[in-house]
Amino acid sequence: MWSRQELKADSRNLLSLNYWPFVLVAFIYGLVAGGGGYMGGGGTWRYAEHTMDDGGYSHMPNAHHDRFLMGFLGLALIAVLIGAVGALALSIFVFHPIQVGCIRYMTMAREVKPQFGEMVFAFKNCYGNIVKTMFLKNLYTALWSLLFVIPGIVKAYEYAMVPFLIAEYPDMESSEAFRISREMMMGDKWNAFVLDLSFLGWNFLGAITLGIVNLFYARPYQLLTMAGLYLRLKGKSAAFAYVPNGGSGNYKENPF
């Protein structure tokens with residue numbers, strides 16, 4: 001069993017012991033976790049007819065003006081689409097692997113002192129599998145969210161351990177990561193939800209301080225706590241009698 005108070009106390013102790021590295025890793029995590037979207041500023045297009053001169057002719061014929069506007073709007077739309085596709089690709093192929101690396105760092109930090117190189121771990125170990133698994137996690141969560149909010153929230157908690165699993169076992173098949181995450185969260189989705197709620201006060205303070213509290217305390221604190229939750233759930237899960245070994249399909253006993 002695990003308790004919210006114990007997890008958070010352990011995380012606070014860890015944060016005090018190795019403060020600045022945790023702040024840096026959490027800062028990078030915050031950048032990549034929130035940097036995958038595309039934001040387009042809305043502009044207002046105004047169209048005014050040109051005045052006519054004394055001879056009844058406009059300075060620019062309306063037909064030519066319309067073609068110019070349509071061409072400009074078409075180019076603008078293409079530029080926006082290219083930007084959106086580029087941002088999505090950056091999120092999938094760069095940001096998500098770094099996110100997994102930050103999660104790996106925080107998880108390892110609960111047992112050993114990791115190197116900063118762990119943040120780029122995904123680019124050197126089973127990169128394609130990590131990209132695919134993270135993409136599927138976000139896709140499945142989004143599709144479930146289309147069925148109204150509640151199913152999306154439930155599935156988000158069912159899949160919450162997927163990034164932690166592939167951070168520790170990068171060769172784990174996507175289907176296995178989802179299956180094991182569901183098993184780990186079985187009976188604990190509500191407890192994990194309450195754990196998240198317990199950080200609302202910190203998130204509020206982060207909002208009113210323009211992110212300063214998040215940067216220097218709340219985000220590393222929360223990431224360390226979620227890493228602790230993963231390790232506790234992993235310890236109680238029957239799925240971890242065995243873990244993948246080198247991507248070969250064979251399994252070895254879990255040393256933890």
Side-chain angles (χ1 to χ4, degrees), residues 24-42 75-108 114-149 151-182 184-185 192 196 211 214-215 219-220 222-223 226-227 229-230 243-244 246-247:
L24 176 60
V25 173
F27 171 68
I28 293 171
Y29 179 90
L31 288 179
V32 298
Y38 174 79
M39 295 180 64
L75 289 174
L77 179 60
I78 291 172
V80 168
L81 290 175
I82 292 174
V85 171
L88 180 62
L90 189 65
S91 177
I92 293 171
F93 295 107
V94 180
F95 291 164
H96 289 169
I98 295 175
Q99 198 174 338
V100 169
C102 293
I103 287 172
R104 178 180 174 86
Y105 183 98
M106 291 296 195
T107 304
M108 291 178 65
Q115 301 295 318
F116 283 121
E118 298 298 340
M119 287 187 288
V120 294
F121 165 86
F123 295 100
K124 305 174 184 178
N125 297 271
C126 304
Y127 172 76
N129 187 58
I130 290 172
V131 166
K132 179 183 75 170
T133 304
M134 289 295 289
F135 172 76
L136 291 175
K137 173 188 177 291
N138 290 316
L139 177 63
Y140 293 163
T141 304
L143 291 176
W144 276 105
S145 297
L146 294 177
L147 299 176
F148 303 111
V149 176
I153 293 174
V154 171
K155 288 298 177 180
Y157 278 97
E158 279 192 6
Y159 304 152
M161 295 297 112
V162 169
F164 292 88
L165 287 166
I166 59 171
E168 187 170 7
Y169 308 112
D171 55 353
M172 180 180 284
E173 291 290 335
S174 300
S175 57
E176 279 293 283
F178 284 104
R179 181 186 67 80
I180 294 174
S181 180
R182 284 194 297 269
M184 291 173 72
M185 295 300 293
D196 281 341
N214 283 338
L215 173 62
R219 187 174 293 125
Q222 190 165 8
L223 284 173
M226 292 306 298
L229 175 62
Y230 163 72
V243 296

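- No side-chain heavy atom of Trp144 sits less than 4.5 Å from a side-chain heavy atom of Leu146.
- Atom OG in Ser174 sits 11.0 Å away from atom CE in Met134 (nearest 0.5 Å).
- Here the straight-line distance linking atom CE of Met108 with atom CD of Glu118 works out to 4.0 Å at 0.5 Å rounding.
- In this structure, CG in Leu165 is found 5.0 Å from CE in Met172, a value given to the nearest 0.5 Å.
- Between Ile28 and Val25, every side-chain heavy-atom pair lies at or beyond the 4.5 Å cut-off.
- Taking the side chain as every heavy atom from C-beta outward, Lys132 and Glu173 approach each other to under 4.5 Å.
- Note: Glu158 CD to Thr141 OG1 = 9.5 Å, rounded to the nearest 0.5 Å.
- With ring centers used as reference points, Tyr140 lies under 6.0 Å from Phe178.
- Within a 6.0 Å sphere centred on CZ of Phe123, other residues, nucleotides and ligands contribute more than 12 heavy atoms.
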Query - Steps toward side chain to side chain contact (heavy atoms under 4.5 Å, CB included) verdict (Met226, Phe164) - result: CA-CA 9 Å; Met226 292 306 298; Phe164 292 88; 3.9 Å; yes

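- Proximity of a side-chain donor or acceptor of Asn129 to a complementary backbone N or O of Pro170 within less than 3.5 Å is detected.
- Interatomic distance, Ile180 CD1 to Arg182 CZ, rounded to the nearest 0.5 Å: 10.0 Å.
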Requested in this report: Starting from the C-alpha separation in whole Å, work towards a yes-or-no answer on side chain to side chain contact (heavy atoms under 4.5 Å, CB included) for Val162 and Tyr159.
Outcome: CA-CA 5 Å; Val162 169; Tyr159 304 152; 4.2 Å; yes

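- Looking at Ser181, its side chain does come within 3.5 Å of a backbone N or O of Met161 through a donor-acceptor pair.
- Between atom OH of residue Tyr105 and atom OG1 of residue Thr107 there is a gap of 12.0 Å, rounded to the nearest 0.5 Å.
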Side chains of residues 92-99: which donor-acceptor pairs under 3.5 Å do they make with residues two or more places apart or in other chains?
from, atom 1, to, atom 2, distance (Å)
His96, NE2, Ser91, OG, 3.4
His96, NE2, Asn138, ND2, 3.3
Gln99, NE2, Tyr29, OH, 3.4

Query raised in the report: Should Tyr169 and Asp171 be marked as a side chain to side chain contact (heavy atoms under 4.5 Å, CB included) after you check the CA-CA gap, both sets of side-chain angles, and the distance that decides it?
Result: CA-CA 6 Å; Tyr169 308 112; Asp171 55 353; 4.2 Å; yes

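- Taking all atoms of both residues into account, the shortest heavy-atom contact from Leu215 to Pro220 is O-CD, 4.0 Å.
- Under 3.5 Å, the side chains of Glu168 and Tyr230 contain a donor-acceptor pair of N or O atoms.
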